[in-house]
Protein chains: 2
Amino acid sequence: MPEQPRGSRPTLEAVAARAGVSRATASRVVNGGDGVRKPLVDKVLQAVDELGYIPNHAARTLVTRRTGAVAVVIAEPETRFFSDPFFSQQIRGISKELTAHDTQLVLLLVEGPGDFDRIARYLAGGHVDGALAFSLHTDDPVPAITRRAGIPAVYGGRPSWTADPGDQAVPYVDADNRGGARLAVRYLRDLGRTRIAHIAGPADQTSAMDRLDGYRDVLLDGDPTLVADGAFTVESGARAMTELLERHPDLDAVFAANDLMASGALRVLRERGIAVPEQVALVGFDDMDSVATETDPPLTTVGQEIEGMGRLMARLLLRALDRERTGSGEVPESVITPTTLVRRASA
Amino acid sequence: MPEQPRGSRPTLEAVAARAGVSRATASRVVNGGDGVRKPLVDKVLQAVDELGYIPNHAARTLVTRRTGAVAVVIAEPETRFFSDPFFSQQIRGISKELTAHDTQLVLLLVEGPGDFDRIARYLAGGHVDGALAFSLHTDDPVPAITRRAGIPAVYGGRPSWTADPGDQAVPYVDADNRGGARLAVRYLRDLGRTRIAHIAGPADQTSAMDRLDGYRDVLLDGDPTLVADGAFTVESGARAMTELLERHPDLDAVFAANDLMASGALRVLRERGIAVPEQVALVGFDDMDSVATETDPPLTTVGQEIEGMGRLMARLLLRALDRERTGSGEVPESVITPTTLVRRASA
DNA sequence: GACAGCCCTGAGAGCGCTTCCATCGGGCTC
DNA sequence: GAGCCCGATGGAAGCGCTCTCAGGGCTGTC
């Protein structure tokens with residue numbers, strides 16, 4: 001590839017001239033070559049090669065009205081985006097899928113609540129063909145923004161407003177939190193544990209609520225005081241565990257709504273000299289590498305296909321874009337991805 | 001803002017018509033309004049408002065040859081990108097700075113060594129005005145790519161090929177690793193410790209080597225067997241500590257090249273019943289939230305302005321872009337950001 | 001009162017590409 | 001052998017914008 005002094009790159013015109021064809025034909029070849037006879041295709045390709053031609057993206061977008069890029073909107077306050085491998089892993093999955101379809105990823109980090117204007121302008125400005133968004137809270141403006149901008153969107157995690165009839169179904173990808181929780185609690189029950197407590201996550205996150213629901217599904221007439229509230233952090237897990245032990249010194253199992261809280265709980269149990277899993281069996285959720293395998297004992301937990309979820313999100317969006325372009329194809333529907341019990345030593 | 005049925009957004013033409021001015025004047029107003037008389041400016045702005053006009057980015061890029069976007073290239077194998085809050089925090093800083101200058105962030109994750117072609121095509125394709133890149137190994141093709149693409153770039157972390165005379169200076173932003181290491185080791189020495197060991201990072205990362213150099217700066221005629229090799233991971237830190245204790249059961253201080261290794265070392269020390277900091281004082285590097293404050297005792301470590309480094313990278317790149325556009329302005333130069341000793345309980 | 005000069009404004013070219021439509025040529029059919 | 005149809009090709013329009021350039025109105029000066 002010849003080095004190009006920026007700003008003077010060869011145009012399609014030049015390629016066409018060199019190949020001795022019209023710009024139209026050159027364009028056809030560059031875009032797949034359908035309906036162009038082989039010898040001409042070869043000539044054009046050779047010219048492309050010799051000249052080091054690279055299509056001008058802006059010109060193409062101007063006429064096709066497609067940018068070949070999608071936005072990933074992250075509205076999460078920084079704390080979570082930083083510490084949570086969840087996001088980065090999903091992004092990796094998204095990136096892989098998009099890359100495989102020649103689509104670019106534009107990262108939009110929301111810098112505080114006042115920043116949504118900027119996001120709205122950007123999404124409506126024709127910079128991207130669609131959007132992937134994470135972590136919507138009840139009053140999250142992102143759905144309204146994408147609707148107004150008229151671009152397809154796919155969400156990561158079940159939005160809490162799903163039930164809102166005002167919104168047409170916005171497809172989302174979420175793990176089977178409820179099913180995973182059931183798996184965990186049934187496992188503890190099958191272990192013969194009878195006083196199974198739960199450390200729940202924050203009430204404004206659907207994943208936390210779904211996990212709580214799953215817990216309740218299995219323990220239909222469970223004692224409500226066996227449930228303590230946490231905030232998905234190590235510290236909150238420790239606090240919740242302390243609380244639970246005060247209320248129920250005799251509990252014999254704990255299902256924590258995520259691994260971080262489980263590790264906090266584990267610390268408290270260890271400090272009190274309570275043997276895990278002998279006296280209290282402990283199950284987490286997430287199968288977070290850096291936590292679940294590092295604790296002592298390693299956590300039994302509920303695993304999910306995080307990267308796969310990212311891929312899936314991207315795939316759904318690409319499908320929606322395709323539908324928009326061709327006017328046909330399947331309507332993307334939300335997907336719940338399976339969760340599995342990962343047995344380690346803590347239960 | 002009126003809802004726009006995608007694809008039929010108002011154009012500048014429409015705005016001009018509604019305001020009763022020419023397209024040229026409308027354009028001038030939209031781009032700042034210099035040299036347009038107040039009443040016309042107002043009329044145009046009103047039309048913009050009423051119509052919900054948003055400039056078409058592709059059209060603008062086509063003529064200005066500027067995209068208003070920069071790429072962030074992450075060539076790190078996924079393991080590190082995931083676990084390392086370093087990256088996400090720098091990205092946050094980059095995002096903030098770019099946002100403040102109306103510039104978008106396109107994330108380019110390199111999916112394996114064969115993927116550089118795609119990156120090269122992308123960077124050369126006029127999709128972005130410049131690039132920020134992380135973590136260059138000696139044979140990293142990214143510098144060559146950006147040079148060939150003719151776009152300015154700024155690197156995060158001192159590239160190992162800095163000394164290569166073939167490359168014109170590519171500006172980079174790096175923490176003062178060497179100075180930080182000196183700070184740590186001097187601190188230990190001033191504490192009265194005489195047998196100060198070092199757990200070093202991998203030799204192919206300049207940060208690790210710089211920290212080692214800083215250690216040596218202070219301990220000029222130090223015993224080389226007081227240095228053990230690690231790989232910036234918890235496990236490797238534990239291994240290195242074990243090794244050091246075997247070689248030097250009487251050591252009274254350890255400076256680990258990062259917090260993860262320090263936490264591994266701490267685990268080993270605790271297992272052996274060695275009191276920290278009483279018997280062995282321990283200092284880490286990075287001041288990584290999720291580690292340094294969570295250990296018991298919390299780590300004394302060397303802190304750096306991670307988000308600030310991200311901002312700085314973005315700022316340098318924006319400056320380079322500005323220079324390119326205006327033909328003047330300061331030449332961006334590499335910056336070494338200061339490090340500070342953060343005293344906690346481990347030393 | 002006339003003219004120079006300045007500031008605003010508008011006309012128009014053109015950025016590089018895709019795509020509609022007309023054209024052309026070759027192979028078939030009768 | 002003439003007419004037809006179809007597939008391949010080229011001409012040209014136009015996507016929405018910026019920016020140069022020329023012109024028009026106004027002020028200020030002599």
Side-chain angles (χ1 to χ4, degrees), chain A residues 4 6-45 47-48 51-68 102 121 124-127 129 325-326, chain B residues 4 6-45 47-48 51-68 102 124-127 129 325-327:
Chain A
Q4 296 304 337
R6 160 122 148 132
S8 68
R9 272 197 290 270
T11 68
L12 237 207
E13 187 74 53
V15 171
R18 187 179 191 101
V21 301
S22 73
R23 208 168 58 233
T25 297
S27 170
R28 279 188 273 264
V29 171
V30 168
N31 290 289
D34 293 344
V36 178
R37 246 183 296 240
K38 189 73 167 47
L40 283 198
V41 170
D42 291 343
K43 262 202 274 189
V44 172
L45 289 181
V48 164
L51 260 35
Y53 171 74
I54 297 176
N56 179 310
H57 182 246
R60 182 176 277 177
T61 295
L62 184 57
V63 32
T64 60
R65 288 152 180 296
R66 272 178 297 113
T67 63
D102 261 325
R121 231 175 312 123
H127 293 74
D129 299 330
R325 196 156 44 83
T326 63
Chain B
Q4 296 304 336
R6 161 123 146 133
S8 67
R9 269 199 291 272
T11 68
L12 236 207
E13 187 75 51
V15 171
R18 186 178 191 100
V21 301
S22 73
R23 206 168 61 233
T25 297
S27 171
R28 279 188 273 261
V29 172
V30 168
N31 290 289
D34 293 345
V36 178
R37 244 183 297 238
K38 189 72 168 42
L40 283 198
V41 170
D42 291 343
K43 263 203 273 190
V44 172
L45 288 181
V48 164
L51 262 36
Y53 170 75
I54 297 178
N56 179 310
H57 183 246
R60 183 176 275 176
T61 295
L62 184 57
V63 30
T64 60
R65 287 151 181 298
R66 271 178 297 116
T67 64
D102 260 325
H127 293 74
D129 300 331
R325 196 156 44 83
T326 63

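Chain letters run A, B, ... following the sequence lines, proteins first and then strands; every chain starts at 1. Everything quoted here is computed from the prediction, not taken from an experiment.
Nearest to the side chain of A:S27, among C:dT18, D:dG16, D:dT18, sits C:dT18.
For B:E13 and D:dG14, the CD to C1' distance is 13 Å, given to the nearest whole Å. In this structure, B:L62 places its CG atom 14 Å from P of C:dG14, rounding to the nearest Å. If you measure from atom CZ of A:R9 to atom P of C:dG16, you get 10 Å, rounded to the nearest angstrom. A straight line from CG of B:N56 to P of D:dC17 spans 6 Å, rounded to a whole angstrom. Rounded to whole angstrom, the span from the CG atom of B:D34 across to the C1' atom of C:dC6 amounts to 17 Å. Across the protein-nucleic acid pair, B:R60 atom CZ and D:dG16 atom C1' stand 11 Å apart, rounded to whole Å. At whole-Å resolution of the value, CZ in B:R65 and C1' in C:dG16 are 9 Å apart. A straight line from CD1 of B:I54 to P of D:dG16 spans 14 Å, rounded to a whole angstrom.
Checked against side-chain hydrogen bond (donor to acceptor under 3.5 Å, both in side chains), B:T64 has no partners two or more places apart in sequence or in another chain. Partners of A:T11 under the side-chain hydrogen bond (donor to acceptor under 3.5 Å, both in side chains) rule, at least two apart in sequence or in another chain, do not exist in this structure. Among residues two or more places apart in sequence or in another chain, the side-chain hydrogen bond (donor to acceptor under 3.5 Å, both in side chains) test is passed with B:R28 by none. In this structure A:L40 satisfies the side-chain contact (heavy atoms from CB on, under 4.5 Å) test together with A:V21, A:T25, A:V36, A:K43, sequence neighbours excluded.
Contacts classified as salt bridge (charged side-chain N to carboxylate O under 4.0 Å, His left out) and involving residues 51-62 of chain B (residues at least two apart or in different chains) are not found.
Taking CG of B:N56 as the start and CZ of A:R65 as the end, the distance is 7.0 Å to the nearest 0.5 Å. Here B:E13 contributes atom CD and B:S27 contributes atom OG; the two are 12.0 Å apart, rounded to the nearest 0.5 Å. Atom NE2 of B:H57 sits about 6.0 Å away from atom OG1 of B:T67, to the nearest 0.5 Å.
Counting all heavy atoms, side chain and backbone alike, B:L51 lies closest to B:P10 at O-CG, 3.4 Å.
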Scan nucleotides 6-12 of chain D nucleotide by nucleotide, 5' to 3', and note B when protein non-hydrogen atoms come under 4.0 Å of the base, S if they reach only the sugar-phosphate, - if neither.
--SBBB-
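A sub-4.0 Å separation between OP1 or OP2 of C:dT18 and a side-chain N or O of A:N31 is present.
Note that the two end axes of the helix from C:dG1-D:dC30 to C:dC30-D:dG1 enclose an angle of 50°, each drawn from 5 base pairs, rounded to 10 degrees.
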